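Reading through the structure tokens given below for one structure.
Counting starts at 1 for both ligands and their atoms, in listed order. Please read these numbers as outputs of a predicted model, since none were measured by experiment. The chain is numbered in sequence order, starting from 1.
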Amino acid sequence: MSTEEQGGQKTAAASKIAPATGKLGVMVVGLGAVATTMIAGVEAVRRGLAKPIGSLTQMGTIRLGKRTDSNSPLIKDFVPLANLNDLVFTGWDIFADNVYESAAHAKVLNNEMLDQLKPYLETIKPLPAVFDQYYVKRLHGTHVKTGRSKRDLADQVIADIRAFKKTVDRVVMIWAASTEIFIEPAAVHESIEAFEKGLENDDIAIAPSQIYAYAALSEGVPFANGAPNLTVDTKALIELSRRNAAPICGKDFKTGQTFMKTVLAPAFKARMLGVSGWFSTNILGNRDGEVLDDPQSFKTKEESKLGSLDYIFQPELYPDLYQELYHKIRINYYPPRGDDKEAWDNIDIFGWLGYPMQIKVNFLCRDSILAAPIALDLVLFLDLAKRTPSLRSIGIQEWLSFYLKSPQTAPGLYPEHDLFIQSMKLKNTLRHIMGAGLITHLGLEYYD
Ligand SMILES: NC(=O)c1ccc[n+]([C@@H]2O[C@H](COP(=O)([O-])OP(=O)(O)OC[C@H]3O[C@@H](n4cnc5c(N)ncnc54)[C@H](O)[C@@H]3O)[C@@H](O)[C@H]2O)c1
């Protein structure tokens, strides 16, 4: 049977996916601008106050079968995703503000919206966090756990997870906390045993984000990373993810400038246009901007933002077009703009016979408005992966690269950054787990 003909039929594969019944507990590390915009947004959508714009799981459709079949259900009607009404939120923060207070401080959503949601948002109060200022220089935490060792702190997070698990049916964890300093994989990240020894010995290469991730994966809880920290991008935690059937994906929400980059760069490459320079700069005035003003946290972000162009352009395959590319990224903390980031890109391209041209992109965006639906989708899709036999024990969910600046892949594979390849990969993964035919876009059958 051709792949097109199978489209839409739910087969044996689909029936093996556990249903999304009961409550899905969402544990958010860091109840700042992104997290509170996601939580408040979910509540606003539940009450019919607003639409979940920007969320593929809530608004996206998926074509099944031939173009002539006219069969494009909503993704949420095709795969068994948790319903927004079944989401229960909790989290940790280094400040004791409840979600209403934190959202009011972040100034992303207007007071009219926040006031309507206040009674609900006030009920979500952060648990004390695992925090050490060595890893985020610009913050001074007041609502933090104390422990004899990093092992002790990990056990306290595990206790938090176990207590929450008693109140819900399934749990997913997502890091929406600040960007930590740049850390490279070390000996302690080589295996689960080395990592656990490192927890006992307070190894400096184990940052708080790794402690949360270790706790989640130890408990079989899927973990997403919205920041560019190393976190689960190590042998030890990948192994733990596989061992405990706790799915992970890449890192760093792909929201503004990198989102645009991974749309434009594939277009230049598809047309064989050369690029000699790409200068990207941002002004940003929220707490994230303040943290990124520290050179060590900026370095973590810079590495994450730099990667995409090299992989998309493949200068080793196209030396005449991309070998000389000069790529520079700047983030400037500028308080007056708050969460309303402004990004400029100057792109120096060249065409036929080497003649130069320029493109300017000026994106006046809202950081957390772009990130919130991504955080929500990652939570819902990781929960789906956990319930799907063919996905739950593979560790890295490469099909979720669509949402991330730094996709994670199996060893030896280069990451796919092109947004449209990522989108195709995501949708074909959904078709695959549901036993529907993959869409190859070949389409010759229409001309038989
Ligand atoms: N908004 C975007 O477009 C976007 C895109 C990509 C990545 N990110 C990343 O997402 C993260 C969140 O962004 P934001 O704008 O919400 O930042 P934010 O500063 O408003 O929120 C981060 C929160 O994390 C808390 N925190 C810091 N360390 C913690 C710890 N160890 N444990 C618990 N809580 C901790 C802080 O107190 C703060 O409330 C940042 O790392 C940012 O770089 C954001």
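Set against the non-hydrogen atoms of A176, the atoms of ligand 1 under 4.0 Å away are 11 (C), 12 (C), 22 (C). Interface atoms of ligand 1 facing D252, defined by a heavy-atom separation under 4.0 Å, are 6 (C), 7 (C). Counting the atoms of ligand 1 from 1 in the order shown, those under 4.0 Å from a heavy atom of F131 are 28 (N), 31 (N). Residue G30 approaches ligand 1 through these ligand atoms, each under 4.0 Å from one of its heavy atoms: 23 (C), 24 (O), 25 (C), 33 (C), 34 (N). Against a heavy-atom cut-off of under 4.0 Å, A227 is close to the following atoms of ligand 1: 41 (O). For ligand 1 and V29, the ligand atoms under 4.0 Å from any heavy atom of the residue are 32 (N), 33 (C). Counting atoms of ligand 1 from 1 in the listed order, those under 4.0 Å from a heavy atom of V130 are 30 (C), 31 (N), 32 (N). Residue contact check: A129 has heavy atoms under 4.0 Å from atoms 32 (N), 33 (C) of ligand 1.
The heavy-atom pair separating A385 from L391 by the smallest distance is O-CB, 3.8 Å. The shortest non-hydrogen separation linking T36 to S102 is CG2-OG, 3.7 Å. For the residue pair L378 and C249, the shortest heavy atom distance occurs at CD2-SG, 4.0 Å.
Any N or O atom pair closer than 3.5 Å counts here, and D367 shares at least one such pair with ligand 1. Inclusion of F253 in the set of residues having an N or O under 3.5 Å from an N or O of ligand 1 is not warranted. The shortest N or O to N or O distance between D288 and ligand 1 is below 3.5 Å. Geometrically, ligand 1 and A371 share no nitrogen or oxygen pair separated by less than 3.5 Å.
At a threshold of 4.0 Å, the pair K145-D160 counts as salt-bridged, since one of the basic side-chain nitrogens sits closer than that to a carboxylate oxygen. A salt bridge links K405 and D252; the closest N-O separation between the charged side-chain nitrogens and carboxylate oxygens is under 4.0 Å. Under a 4.0 Å N-O distance rule, the pair K23/D169 does not qualify as a salt bridge. Under 4.0 Å is where a charged nitrogen must lie from a carboxylate oxygen, and between R243 and E193 at least one such pair does. Between K251 and D233 there is a salt bridge, since a side-chain N of the basic residue sits under 4.0 Å from a carboxylate O of the acidic one.
The shortest heavy-atom distance from A106 to ligand 1 is not under 4.0 Å. Residue Y135 places every heavy atom at 4.0 Å or more from ligand 1. At least one heavy atom of T179 lies less than 4.0 angstrom from ligand 1. By the 4.0 Å heavy-atom criterion, K405 is counted among the residues contacting ligand 1.
For the side-chain contact (heavy atoms from CB on, under 4.5 Å) test with L127, the passing option among V29, L31, V157, T90 is T90; the others fail. Applying the side-chain hydrogen bond (donor to acceptor under 3.5 Å, both in side chains) test between S280 and each of H327, R330, K261 identifies K261 as the sole match.
Residues W175 and Y212 place their aromatic rings such that the two centres sit under 6.0 Å apart. F279 and W344 have their aromatic ring centers separated by at least 6.0 angstrom. Between Y311 and H417, the distance separating the two ring centers is shorter than 6.0 angstrom.
For atom 4 (C) of ligand 1, the nearest non-hydrogen atom from the set D97, I211, T255 belongs to T255. Around atom 16 (O) of ligand 1, the closest heavy atom drawn from V28, L292, V34 belongs to V34.
Annotation: atom 19 (O) of ligand 1 to nearest protein heavy atom, R287 CB, 3.3 Å. Taking atom 37 (O) of ligand 1 as the reference point, the nearest protein heavy-atom neighbour is D93 OD1, 2.7 Å. Ranking protein heavy atoms by distance to atom 21 (O) of ligand 1, first place goes to G32 CA, 3.3 Å. Of the protein's non-hydrogen atoms, G226 O, 3.6 Å is the one closest to atom 8 (N) of ligand 1. In terms of protein heavy-atom proximity, atom 27 (C) of ligand 1 is nearest to S178 OG, 3.2 Å. At the shortest separation from atom 18 (P) of ligand 1 among protein heavy atoms lies A33 N, 3.9 Å. Of the protein's non-hydrogen atoms, Y212 OH, 2.9 Å is the one closest to atom 32 (N) of ligand 1. At the top of the distance list for atom 26 (N) of ligand 1, counting protein heavy atoms only, stands A177 CB, 3.7 Å.
Annotation: cation-pi pair K254/F259 absent, no NZ/CZ under 6.0 Å from the ring centroid and within 45° of its normal.
Of the heavy atoms in K341, none comes closer than 4.0 Å to ligand 1.
S209 and N225 form no side-chain donor-acceptor contact under 3.5 Å, judged by distance and modelled atom types alone.
Contact annotation: the side chain of N362 approaches that of E342 to within less than 4.5 Å [non-hydrogen atoms, C-beta and beyond].
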